[in-house]
Trainee: 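Let me give you the structure first, and then I'll get to my questions.
Keep in mind it's a predicted model, so treat the numbers as computed, not measured. Each ligand, and each atom within it, is numbered from 1 in the order the structure gives.
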Amino acid sequence: MEKLVITGGYPLQGKVRVAGAKNAVLPLMAATLMLTGETVLEEVPALEDVDTMVQVLAYLGIEARSDVPGQLCLKPAAEGVVAAPYELVRRMRASFLVLGPLLACRGRAEIPLPGGCAIGTRPVDLHLKGMQALGAEVVLNQGTISARAGRLKGCHIYLDFPSVGATENILMAATLAEGETVIENAAVEPEVVDLANFLSGAGAKIKGAGTSIVRVKGVKELRGTRHSIIPDRIEAGTFMVAAAITGGSVTVENVVYEHLKPVVAKLMEMGCSVSVLESGDALRVDAPSGLKAVDIKTMPYPGFPTDMQSPFLALATQTQGTSVVTETVFENRFLLVPELKRLGANVRTEGRTAVIEGKTPLTGAKVKAPDLRGGAALILAALVAQDETEVHNLYHVKRGYENLEEKLAGLGARVRLVVDN
Ligand code: UD1
């Protein structure tokens, strides 16, 4: 088991480069199930979740090769398998994104329910309704979703909630369906747009990605293509918070400013200076000597991202005054609060709201990452905690951050990775 040992109190300075987006690369990889020939993905982050998706795809007959760091070549090697293994789907909910592609190109899919994840119950009802609307027969049998269909048929789907995963699954399935599919109240996250761009590069006919109405005209075949993954806006936001919480000055490279607007707005409201560099793909964050408290409410894009809620909760412990954070996307995303309290934070939660009284001095302790972003938030808090903090259960964080310890050390953090036997 790996843990991160951090000695807090050092303002971060310098430059850091953000990797390709985890939440963009995973659906794109799933989509390669539908493509003939080889696909080359660039800017692929080195993450546990990417490795898990490689394993899921290998099981389903997609061969993956990486000759150059950051590049992943995927090509079909076998086509018979339609069942995804429980062990892998259990590990990563995004494995469920193979449902749409498998149904569209192999006419069948058997995928274990991803199950409740720590941050909420996270059902897949919208994914399933979408597949049914496209003409699939879907049954739940001993914890496994079995779906089958002839060629899927274009349809009109209204999503009760703009679910990112459901939009992606339906979008992928619709590309090979007969006729036109219209997805209303679709998710508009940049990762959905990246998937649509990738599919269009492979020959799909998609209009409106990035708006709440997406139209897909089904085609007969999609071909392997080359695509560069968009930068990870959550990793970028995490480093921006790292600069703010430590009172530092950090340039975050390989970003799309447009994707970071809600995060930039909150940091500026807190008193940080944030400027876009001339190159246009880098941001510099300079922290003031004292940060102001702010209120935050998470929303689907372009609202404040739920994935940045935990890092900002940690940051709010270091602002002057009372901050109120409201989580509207997932129902159980305050799992880090008891751990933050071990460091000395003054936070109380009621339902979907957390009230943070600042500024509290934090002191190092042993804490456990409760989930991916909660773990990242504890690392951020540790950067300002006096003495040493040990962040355990680091595997959660490794699912979504590439070389986090090296990147933080490059900015002057006192951090070391320790392997416990
Ligand atoms: C994706 C991201 C995750 C991010 C989230 C919201 C990936 C791999 N993960 O997760 O990092 O936090 O978007 O931006 O891209 N819901 C239903 N029924 C469904 C599907 C979802 O009720 O069929 C609910 C969920 O329980 C949750 C909300 O909708 O409360 C949002 O979930 P969704 O947008 O689907 O998130 P994911 O795609 O799982």
Side-chain angles (χ1 to χ4, degrees), residues 20-31 45 47-50 52-53 56 88-89 91-100 111 113-133 138 140 145 147 157-173 183 185-196 212 229-230 232-235 237-238 259 262-263 297-312 326-335 351-352 371-377 396-397 399-401:
K22 167 179 96 68
N23 290 349
V25 74
L26 298 174
L28 261 78
M29 289 171 72
L47 300 173
E48 297 279 332
D49 273 9
V50 170
T52 304
M53 189 57 99
V56 173
L88 297 173
V89 178
R91 213 188 294 167
M92 185 184 71
R93 181 183 160 86
S95 314
F96 206 71
L97 290 169
V98 300
L99 173 68
I111 310 176
L113 276 178
C117 163
I119 61 172
T121 50
R122 303 182 88 178
V124 287
D125 54 319
L126 300 173
H127 300 240
L128 302 183
K129 276 186 200 163
M131 297 308 132
Q132 283 165 331
V138 180
L140 173 65
I145 296 292
I157 299 169
Y158 178 87
L159 293 177
D160 297 339
F161 182 88
S163 153
V164 175
T167 302
E168 291 169 343
N169 239 334
I170 297 166
L171 173 63
M172 289 187 282
I183 313 171
N185 200 24
V188 299
E189 267 70 1
E191 293 76 17
V192 174
V193 178
D194 205 33
L195 174 64
S212 60
I229 310 292
I230 55 167
D232 196 312
R233 61 195 166 101
I234 308 302
E235 188 195 2
T238 305
H259 298 171
V263 170
K297 193 174 192 175
T298 64
M299 303 284 268
Y301 189 84
F304 188 89
T306 171
D307 285 348
M308 285 307 299
Q309 182 258 99
S310 297
F312 268 79
T326 309
E327 172 61 56
T328 75
V329 180
F330 290 106
E331 69 271 26
N332 195 17
R333 228 177 179 179
F334 291 137
L335 292 169
R352 293 190 170 206
D371 53 55
L372 167 54
R373 305 303 169 188
H396 283 300
V397 181
R399 288 189 38 216
Y401 291 91

Trainee: If we only count N/O pairs under 3.5 Å, is Val329 in contact with ligand 1?
Mentor: yes
Trainee: With sequence neighbours excluded, tell me which residues meet salt bridge (charged side-chain N to carboxylate O under 4.0 Å, His left out) with Glu235.
Mentor: Lys407
Trainee: Before giving the answer on side chain to side chain contact (heavy atoms under 4.5 Å, CB included), spell out for Asp307 and Asn23 the whole-Å C-alpha distance, their side-chain angles and the decisive distance to 0.1 Å.
Mentor: CA-CA 11 Å; Asp307 285 348; Asn23 290 349; 3.6 Å; yes
Trainee: If I apply the N/O under 3.5 Å rule, does Leu26 come out as touching ligand 1?
Mentor: no
Trainee: Short N/O distance, under 3.5 Å, between Ser163 and ligand 1?
Mentor: yes
Trainee: Could you tell me whether the side chains of Ser310 and Arg333 share a donor-acceptor contact shorter than 3.5 Å?
Mentor: no
Trainee: Within the structure, does Ala166 bring an N/O atom to less than 3.5 angstrom of an N/O atom in ligand 1?
Mentor: no
Trainee: Any luck finding a side-chain donor-acceptor pair between Asn169 and His127 under 3.5 Å?
Mentor: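 Indeed, the side chains of Asn169 and His127 share at least one donor-acceptor pair under 3.5 Å.
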Trainee: Considering the heavy atoms of Gly165, write down every atom of ligand 1 situated less than 4.0 Å from one of them.
Mentor: 35 (O), 38 (O)
Trainee: Hey, does Phe330 come in under 3.5 Å of ligand 1, counting only N/O atoms on both sides?
Mentor: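 By distance alone, the answer is no.
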Trainee: Evaluate the side-chain hydrogen bond (donor to acceptor under 3.5 Å, both in side chains) criterion for residues Tyr301 and Arg233: first the C-alpha distance (whole Å), next the side-chain angles of each, then the deciding distance (0.1 Å), finally the verdict.
Mentor: CA-CA 12 Å; Tyr301 189 84; Arg233 61 195 166 101; over 6 Å; no
Trainee: Mind running salt bridge (Lys or Arg N to Asp or Glu O under 4.0 Å) on Arg93 and Asp49 for me, showing each step along the way?
Mentor: CA-CA 10 Å; Arg93 181 183 160 86; Asp49 273 9; over 6 Å; no
Trainee: Is Asn23 in polar range of ligand 1, meaning some N or O pair under 3.5 Å apart?
Mentor: yes
Trainee: Which atoms from ligand 1 have a heavy atom of Leu126 less than 4.0 Å away?
Mentor: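 Counting atoms of ligand 1 from 1, those under 4.0 Å from Leu126 are 18 (N), 19 (C), 23 (O).
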Trainee: Using a plain distance cutoff, I'd like to know if Glu331 has any nitrogen or oxygen under 3.5 Å from a nitrogen or oxygen of ligand 1.
Mentor: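 Glu331 vs ligand 1: no N/O contact under 3.5 Å.
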Trainee: Mark the output for Arg333 as yes if a heavy-atom distance to ligand 1 is under 4.0 Å, and as no if none is.
Mentor: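 Yes.
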Trainee: Only heavy atoms of Thr306, strictly under 4.0 Å: list the atoms of ligand 1 that pass.
Mentor: 6 (C), 12 (O), 14 (O)
Trainee: May I ask you to check whether Arg93 has an N/O atom sitting below 3.5 Å from an N/O atom of ligand 1?
Mentor: yes
Trainee: Roughly how far apart are Glu168 CD and Phe96 CZ, rounded to 0.5 Å?
Mentor: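 Rounded to the nearest 0.5 Å, the CD-CZ separation comes to 13.5 Å.
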Trainee: Could you list the residues that satisfy salt bridge (charged side-chain N to carboxylate O under 4.0 Å, His left out) with Glu327, not counting sequence neighbours?
Mentor: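 Checked Glu327 against salt bridge (charged side-chain N to carboxylate O under 4.0 Å, His left out); zero matches.
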Trainee: May I have the step-by-step check of side chain to side chain contact (heavy atoms under 4.5 Å, CB included) for Met299 and Thr328, ending in yes or no?
Mentor: CA-CA 6 Å; Met299 303 284 268; Thr328 75; 4.2 Å; yes
Trainee: Could you check which of Thr328, Asp307, Leu97 puts a non-hydrogen atom nearest to atom 12 (O) of ligand 1?
Mentor: Asp307
Trainee: Geometry only, no angles: is Val164 polar-contacting ligand 1 at N/O separations under 3.5 Å?
Mentor: yes
